[in-house]
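The next block holds one structure in the form of structure tokens; read it before the comments.
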Amino acid sequence: MGYDFSAIEQKWQKRWEDEHVFEAKEDYSMPKFYALIEFPYPSGAGMHVGHIKAYSGLEVISRKRRMQGYNVLYPIGFDAFGLPTENYAIKTGIHPREVTDRNIKKFTSQLKRVGFSFDWTRVIDTTDEDYYKWTQWIFRKMFDHGLVFRAKTLVNYCPSCKVVLSNEDSQGGKCDICHSDVVQKSKDVWYLRITEYADKLLNGLDSVDYLPYIRLQQENWIGRSEGAFVNFALAGTDDIIRIYTTRCDTMFGATFMVIAPEHPLIDKHRDMIRNISAVEAYRAECAKKTEFERTQLVKDKTGVILDGLYAVNPATGKNIPVYISDYVMMGYGTGAIMAVPAHDERDYDFAKKFGIDIIEVIKGGNIEEGAYTGDGEMVNSGFLNGIQTKKEAIARMLEFLKEKGLGEKGVQYKMKDWAFNRQRYWGEPIPIIHCPHCGMVGVPYEELPLRLPEVKDFAPGVGGESPLASIDYFVNCKCPKCGGDAKRETDTMPQWAGSSWYFLRYCDPHNDKEFASKEALKYWLPVDWYNGGMEHVTRHMIYSRFWHRFLYDIGEVPTAEPYAKRTAQGLILGPDGEKMSKSKGNVVDPNDVVDEYGADVLRVYVLFMGDYASTAPWSENGVKGCKRFLDRIYGLTSMLCDGDEFSKKLEMSFHRTIKKVSEDIETMKFNTAIAALMTLLNEIYDAKTINRAEMKAFLTLLSPFAPHISEELWENIGGEGMLANGKWIDFDESKTVADTVEIPVQINGKLRGTVVVPADADKDTAIAAANADEKIKGYLDGHTVVKEIFVPGRMINIVIK
RNA sequence: GCGGGCGUGGCGGAAUGGCAGACGCGCUAGAUUUAGGAUCUAGUGUUUUCAACGUGCAGGUUCAAGUCCUGUCGCCCGCACCA
């Protein structure tokens with residue numbers, strides 16, 4: 001069989017575009033639905049089947065919503081600043097602008113071939129100056145509100161990309177872009193004070209509907225912990241060592257302290273440290289280690305005592321030794337801890353190695369064998385002795401600390417401030433000017449966008465500075481405040497900047513007065529449903545929630561949270577079950593699939609291949625199965641007959657299928673929705689006939705998945721208008737149930753037969769029917785019936801002895 | 001190590017505690033075709049048919065367990081010396 005999918009698909013794509021079918025309407029009185037997918041990075045490799053799966057989910061939902069009368073905004077754009085384009089430009093000498101334009105063109109044509117119902121009038125390119133003007137504008141607002149700062153710190157630096165990376169971009173000690181080893185380097189970098197928003201980002205999760213594991217990942221990322229700050233006096237000085245602990249209940253067991261090798265107290269009191277040379281040697285050794293090496297959990301702890309320094313345990317009043325060790329980080333808490341070896345595994349390992357006292361303060365474990373971290377009765381703990389629970393002991397200790405002025409309750413987060421800069425060309429210039437008199441001054445709002453200047457060489461300088469640093473006319477400028485000579489910042493923003501607010505621009509993409517009008521934002525926000533990959537759940541999602549929340553706080557957007565609902569699709573693996581990669585040669589190009597089978601087949605297959613959220617391997621045979629399905633649908637026309645309502649024979653099947661497809665789309669169970677359509681198709685083929693009303697219903701249900709073939713057949717059977725503009729179909733619950741049902745009869749839980757009873761049969765009727773059955777009779781013969789269970793319309797179970 | 005998820009035919013996967021394996025792939029046989037491909041029809045969990053046994057493994061709850069509970073093994077994904 002087969003049909004000319006290529007001609008049909010081009011025909012309908014053109015019609016949809018000519019008649020503006022998928023453009024969101026300016027009619028703000030309509031109910032709205034804002035569906036958002038993560039806009040792609042337009043790489044040179046072109047689209048990946050993963051993109052197709054990612055967009056097909058909300059595509060189906062958006063098409064259904066339009067047919068249900070919603071004003072749907074389903075936009076698309078390109079997140080186009082970034083390193084791959086720039087690296088390509090360095091290699092080939094072609095300007096990143098040109099590379100980007102070419103790649104966007106390629107992506108656009110590929111996306112259009114699939115027939116996605118995006119609103120192409122709202123397309124965004126983050127590298128467009130009309131767009132990044134507003135990225136800079138928001139940054140400047142943050143600067144004005146004290147959320148931007150500059151600090152000299154150890155940064156993650158990629159020697160290959162010559163670029164400073166955020167913690168998020170250097171997970172596992174590898175550069176997220178080129179995968180080479182990241183090293184630590186001291187550098188002046190820009191930060192966004194995202195930690196100030198930690199609680200807002202955490203609490204905001206209560207008001208949104210994210211899949212539970214997505215929410216959990218965000219919570220873990222923010223990493224809030226409640227504990228106490230405690231001041232330990234440094235014996236013989238006026239100084240204190242301030243620590244953070246979540247287990248102040250164990251303080252009587254603190255037999256030593258550990259401070260980070262970078263801790264400032266070491267230099268301050270170096271005169272008192274008798275083994276300062278050994279300490280310096282250890283510090284030098286630590287400095288060589290990468291962040292990754294330092295964060296490897298190792299049983300074999302290293303460290304050096306600070307000989308001559310003692311701290312005073314505020315609970316016991318005793319002097320305890322102080323060590324430095326790299327298992328304590330400067331970047332979390334206060335960079336110092338009280339060590340309680342009996343009840344903390346790391347402290348236990350350390351104490352064993354260095355022969356330090358281990359004092360049990362909570363009963364329940366065996367401190368000869370290891371640390372006990374569970375709950376139990378307090379011992380060896382002065383005023384805490386006898387207390388039975390951790391919770392109570394913590395409360396008592398906090399009271400004690402407060403009375404003595406030695407400490408107080410405190411909260412810590414794992415999340416760190418966001419390193420917000422790159423020493424690269426292809427990014428948004430940071431709109432700041434360094435003035436010798438006025439300090440850091442923002443580029444005036446009316447001068448935005450601060451355009452990327454033309455350069456000849458895109459490669460970063462040898463010192464790792466941005467290519468912009470070598471352009472005199474860009475660097476040298478006047479201070480907007482005092483008018484004196486000043487220097488312009490030459491760093492650019494990181495990859496994540498443009499995507500932190502793009503969903504706002506979609507609401508009003510051509511506005512040149514504001515990033516979007518208040519009316520548009522009020523109508524469209526929040527995004528009703530955001531779908532994307534799991535890999536963006538912690539970075540992009542947290543960053544954009546932060547920007548959005550900031551804009552909300554300064555009155556620029558109407559909602560506190562940007563995304564009302566978030567889901568994620570599963571990965572598509574190669575046919576060999578491995579992750580697709582060029583080197584493995586297992587990459588499936590969506591273009592090839594469209595060429596050979598058509599866009600409708602591609603769309604149906606990516607949704608049918610398995611559970612939407614799960615990882616599943618690509619199967620060429622699976623694609624062929626979907627092709628066969630659509631071919632068989634095309635063949636329905638040959639058995640078409642007249643009829644304005646469902647035939648008796650198929651009526652129930654249709655109502656059931658409408659119900660199933662409608663519900664499954666809402667829960668993203670696309671695979672079972674398609675399976676239901678296949679089942680119905682098989683029934684139609686069994687019946688050997690389909691009437692016009694049935695055909696229309698079938699095409700309506702099919703159209704979100706396979707819109708081209710649906711439109712074509714709709715037109716062929718004389719359907720009114722375009723299906724894309726058509727009406728979704730309702731079902732009648734009462735018609736989804738049969739008059740009679742065949743229900744299983746179990747004896748002692750084992751299936752022994754079936755009986756046919758009226759669907760609304762009561763227990764007596766059903767049991768009587770079962771008892772009348774010859775086969776069942778045989779089983780019951782000579783036994784006593786103990787119990788009869790009847791689940792209406794479902795089953796009978798007779799318990800006998 | 002901690003947190004989360006998952007183990008169902010040859011494969012991808014279905015199953016509000018109620019007939020396990022929907023749907024698709026693959027496979028087998030037949031039809032059609034010069035042949036291949038395509039298509040159509042029938043079959044397809046395992047074992048020896050009646051029947052019995054079957055959802056990683058071992059227990060438990062229940063009239064009834066893939067589903068709930070306990071333990072255990074294996075795999076996947078996050079986070080990872082976070083004090």
Side-chain angles (χ1 to χ4, degrees), chain A residues 1-2 171-172 212-221 223-225 227-228 243-248 250 257-258 260 292 294-299 301 325-329 331-340 344-347 349-350 373 412-416 534-535 537-538 570-571 573 577 604-605 608-611 613-626 628-629 631-632 635 660 669 671-682 685 742-754 786-800:
Chain A
M1 218 183 316
Q171 291 180 51
Y213 59 98
I214 292 175
R215 179 191 172 134
L216 195 70
Q217 231 170 287
Q218 295 208 357
E219 284 172 351
N220 290 342
W221 191 264
R224 182 191 155 95
S225 90
I243 61 119
Y244 175 73
T245 179
T246 53
R247 293 297 306 273
C248 66
T250 63
M257 299 191 80
V258 185
F292 180 63
R294 277 197 63 175
T295 54
Q296 285 307 286
L297 180 72
V298 284
K299 268 288 187 208
K301 297 279 184 284
S325 172
D326 65 356
Y327 83 90
V328 173
M329 313 286 150
Y332 183 78
T334 60
I337 63 161
M338 66 169 195
V340 184
D344 181 286
E345 280 172 37
R346 295 152 301 174
D347 299 347
D349 295 339
F350 194 88
T373 54
Q412 280 292 301
Y413 301 92
K414 286 187 201 174
M415 189 168 71
K416 302 199 174 107
M534 276 312 289
E535 70 276 18
V537 158
T538 43
L571 219 60
L573 302 175
V604 170
Y605 177 65
F608 181 65
M609 62 192 297
D611 176 51
S614 301
T615 303
W618 186 267
S619 156
E620 184 77 13
N621 280 326
V623 179
K624 283 181 186 161
C626 292
R628 232 167 269 162
F629 170 56
D631 284 345
R632 272 157 62 82
K660 176 87 180 143
K669 293 173 78 172
N671 55 338
T672 50
I674 293 166
L677 288 170
M678 288 173 169
T679 307
L680 179 58
L681 181 67
N682 290 340
Y685 266 90
E742 188 185 11
I743 60 171
V745 180
Q746 297 177 352
I747 310 283
N748 287 349
K750 286 208 190 315
L751 180 68
R752 295 302 183 192
T754 58
V786 180
K787 200 169 177 184
E788 287 163 334
I789 292 123
F790 173 64
V791 183
R794 304 295 310 220
M795 51 83 63
I796 292 167
N797 189 13
I798 301 172
V799 185
I800 58 172

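We use all heavy atoms of the structure for the numbers below, so side chains are in, but hydrogens, waters and symmetry mates are not. Letters A, B, ... mirror the listed sequences (proteins, then strands); counts begin at 1.
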Item to complete: Please state how far atom CZ in R346(A) lies from atom C1' in A80(B), giving the value in whole angstrom units.
Response: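 R346(A) atom CZ is separated from A80(B) atom C1' by 11 Å.
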Separation of C81(B) atom P from K414(A) atom NZ, nearest Å, is 9 Å
Expressed in whole Å, how much space separates the [atom1] atoms belonging to [N] and [M]?
{"N": "G24(B)", "M": "U39(B)", "atom1": "P", "answer": "13 Å"}
{"N": "A64(B)", "M": "U48(B)", "atom1": "P", "answer": "31 Å"}
{"N": "C77(B)", "M": "G59(B)", "atom1": "C1'", "answer": "29 Å"}
{"N": "C23(B)", "M": "G43(B)", "atom1": "P", "answer": "12 Å"}
{"N": "G54(B)", "M": "G7(B)", "atom1": "C1'", "answer": "16 Å"}
{"N": "C11(B)", "M": "G45(B)", "atom1": "C1'", "answer": "14 Å"}
{"N": "A20(B)", "M": "C53(B)", "atom1": "P", "answer": "12 Å"}
{"N": "G21(B)", "M": "G10(B)", "atom1": "P", "answer": "16 Å"}

L681(A) CG to R628(A) CZ distance, which is reported to the nearest 0.5 Å =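 One finds 13.0 Å between CG of L681(A) and CZ of R628(A).
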To the nearest 0.5 Å, atom NZ of K669(A) lies from atom NZ of K660(A) at 5.5 Å
[N] phosphate, OP1 or OP2: any side-chain N/O from [X] under 4.0 angstrom?
{"X": "Y332(A)", "N": "A83(B)", "result": "yes"}
{"X": "R794(A)", "N": "G17(B)", "result": "no"}
{"X": "N671(A)", "N": "A14(B)", "result": "yes"}
{"X": "R628(A)", "N": "C25(B)", "result": "yes"}
{"X": "N682(A)", "N": "G24(B)", "result": "yes"}
{"X": "K750(A)", "N": "G54(B)", "result": "no"}

Paired nucleotide for [N] [Watson-Crick or G-U wobble; both distances under 3.5 Å]:
{"N": "G7(B)", "answer": "C73(B)"}
{"N": "U34(B)", "answer": "none"}
{"N": "A29(B)", "answer": "U41(B)"}
{"N": "C2(B)", "answer": "G78(B)"}
{"N": "A52(B)", "answer": "U46(B)"}
{"N": "U62(B)", "answer": "none"}

Backbone N/O of [Y] and side chain of [X]: donor-acceptor pair under 3.5 Å:
{"X": "Y605(A)", "Y": "G625(A)", "result": "no"}
{"X": "D344(A)", "Y": "A339(A)", "result": "no"}
{"X": "Y685(A)", "Y": "R632(A)", "result": "yes"}

Answer with yes or no whether K624(A) presents, from its side chain, a donor or acceptor under 3.5 Å of a partner atom in the base of C25(B). no
Closest to the 5' end of RNA chain B, once T754(A) and K787(A) are matched to their nearest nucleotides, is T754(A)
Per nearest nucleotide of RNA chain B, the residue lying toward the 5' end, V799(A) or A675(A), is A675(A)
Q. Salt bridge between R215(A) and E219(A), side-chain N to carboxylate O under 4.0 Å?
A. yes
Looking at every strand, decide which applies to [X] at a 4.0 Å heavy-atom threshold: base, sugar-phosphate, or nothing.
{"X": "R752(A)", "answer": "sugar-phosphate"}
{"X": "L216(A)", "answer": "sugar-phosphate"}
{"X": "D347(A)", "answer": "nothing"}
{"X": "S619(A)", "answer": "nothing"}
{"X": "M795(A)", "answer": "base"}
{"X": "T615(A)", "answer": "sugar-phosphate"}
{"X": "D344(A)", "answer": "nothing"}
{"X": "K660(A)", "answer": "nothing"}
{"X": "N797(A)", "answer": "base"}
{"X": "Q746(A)", "answer": "base"}
{"X": "E742(A)", "answer": "base"}

Donor-acceptor pair between Q217(A) and T538(A) side chains, under 3.5 angstrom = no
Next item on the list: Kindly point out which of G12(B), C19(B), G26(B) is positioned nearest to the side chain of L751(A)?
Entry: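 The answer is C19(B), which lies nearest to the side chain.
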